[in-house]
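Proteins get letters first, then strands, A, B, ... in listed order; numbering begins at 1 in each. Model, not experiment: these values are computed from the prediction.
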Protein chains: 2
Amino acid sequence: METSEKLLIRSLEMFMRYGIKSVSMDDIASEMGMSKKTLYQYVKDKRDLVNQSVNYHFTQDREACSRVLGHSSNAIEQMLDIASHVIQMMRQMNPSTIYDLRKYYPEGWKKFEEHRKVFIVSCIRDNIQNGKENGLYRPELSEDVIAKIYITLIDASVNPTSELAELQNYSEIIRQVIDYHLHAITTHEGREYLYKHIEALNL
Amino acid sequence: METSEKLLIRSLEMFMRYGIKSVSMDDIASEMGMSKKTLYQYVKDKRDLVNQSVNYHFTQDREACSRVLGHSSNAIEQMLDIASHVIQMMRQMNPSTIYDLRKYYPEGWKKFEEHRKVFIVSCIRDNIQNGKENGLYRPELSEDVIAKIYITLIDASVNPTSELAELQNYSEIIRQVIDYHLHAITTHEGREYLYKHIEALNL
DNA sequence: ACTTTAAACACTCACAAAGTTTCCAAATTA
DNA sequence: TAATTTGGAAACTTTGTGAGTGTTTAAAGT
């Protein structure tokens, strides 16, 4: 493994575990068993390291999502599998990491959020098309509209000041959002399938 | 509820959720709906607030432990119930909070750790006496020695550089430590009881 | 032996935030 | 109602951490 990749992985681990502000470049250099001077041969500055490691995380996560989607046998199962994956992933996200990203690296956060939205929108559009072809989703649905509605709900689910934040925890929020979403878009046939499988949603 | 108590509770929530360094006095004042000037009427400085809120947490936790112990029907059940409680409590402890305490408030951390050890030692000593009287623990056990061994294991369980840190997660560490400890100190009768109940240890 | 590399650590400086002060509106008291 | 007190909002000063750079020197490589 290349040192530069190892650096991203280790930095990401530390940022995710302890938050970003608390982890100094001295800490990272020490963790990597190298001097700070050497560390700066790999990254321009801390901002660069933060952005690179966050992008690395996004890339890994996107690939994991694609693998999950590739294993799902129909559109509803895709949504349930992705929800399950998202719940697992968010369990590893330390609130302080998000807090620090928003507070100290707002541009990086915005870019990350934009990329994430583009990816989610793409997944939802594909999923709607797939669901229509399966006969599980209502044929009159507009991919664009549903994707925008879904993103609205997902944005609210991670916003500490939203109505949704009052729910018990993130797993419960996602569960409710998925339940709502799938009921909104399924045909009668789709709903029969949904009733049989939603209890398997892994919390 | 008194404002000063509410301040401790809210501060503790924020520190536990986002870490200590990331949460500024501005953030706390804003969260409390008061100005920084008013905030400083309640605490001397940030250090004071951190120490007070950590002590508050310790006091609450100690009381919860005492309640748990009061409901246990014998010495082994006490240990299993406390382990379960500790696992639940540690699930809420953000690694970044501990990291920040150790890094930026070492004296406060040391004092907190000392108090915690004294409390644990006291619980273990009582538990050993209780277990001997029940006939569940070996009569030749020395309370002092066993308490010291147990503290050694507990210290290692929260030290990121220890051998124990290689285990999967904290719940697993505690489970293994409790299993080990109880096997070490039980009589034949105690071990029969233990086999029947250790699977109920809440992970 | 000579050259290159990188660790360890010293150093400078920027900047965030701790803590203090000011202004002024709101609340309380007489 | 007027006077006094209180506390919010924000400006301000100070402090200290840590980002990033530079130096020394030992270790590694040729």
Examine the base of dG18(D) for any acceptor or donor lying under 3.5 Å from a partner atom in the side chain of K46(A), and report the outcome as yes or no. no

S24(B), nearest nucleotide to its side chain (from dG18(D), dA17(C), dT20(C)): dA17(C)

Under-3.5 Å donor-acceptor pair between K36(B) side chain and dG19(C) base: yes

Of the nucleotides dA16(C), dA6(C), dG8(D), which has the atom closest to the S35(B) side chain? dG8(D)

Over 60° means perpendicular and under 30° means parallel, so classify the ring planes of F58(A) and F112(A), tilted if in between. perpendicular

Residue pair Y104(B)/Q41(B) against DNA chain D: nearer the 5' end by closest nucleotide is Q41(B)

Separation of dC9(C) P from L39(A) CG (nearest whole Å): 17 Å

Would you kindly give the NZ-to-P distance between K44(B) and dT20(C), to the nearest whole Å? 8 Å

Electrostatic pair R116(B)-D61(B), nearest N-O below 4.0 angstrom: no

Worked verdict on M14(B) versus D27(B) for side-chain contact (heavy atoms from CB on, under 4.5 Å): CA-CA 9 Å; M14(B) 289 186 79; D27(B) 295 335; 4.2 Å; yes

Decide if the gap between the ring center of H197(A) and the ring center of Y193(A) is smaller than 6.0 angstrom. yes

Which nucleotide, dT23(D), dG8(D), dG20(D), lies nearest any side-chain atom of M25(A)? dG20(D)

Need one value for K21(B): base, sugar-phosphate or nothing, where a base atom within 4.0 Å counts as base even if backbone is also close, heavy atoms only. sugar-phosphate

Among dG20(D), dA18(C), dA6(C), find the nucleotide with the atom closest to the side chain of K37(A). dA6(C)

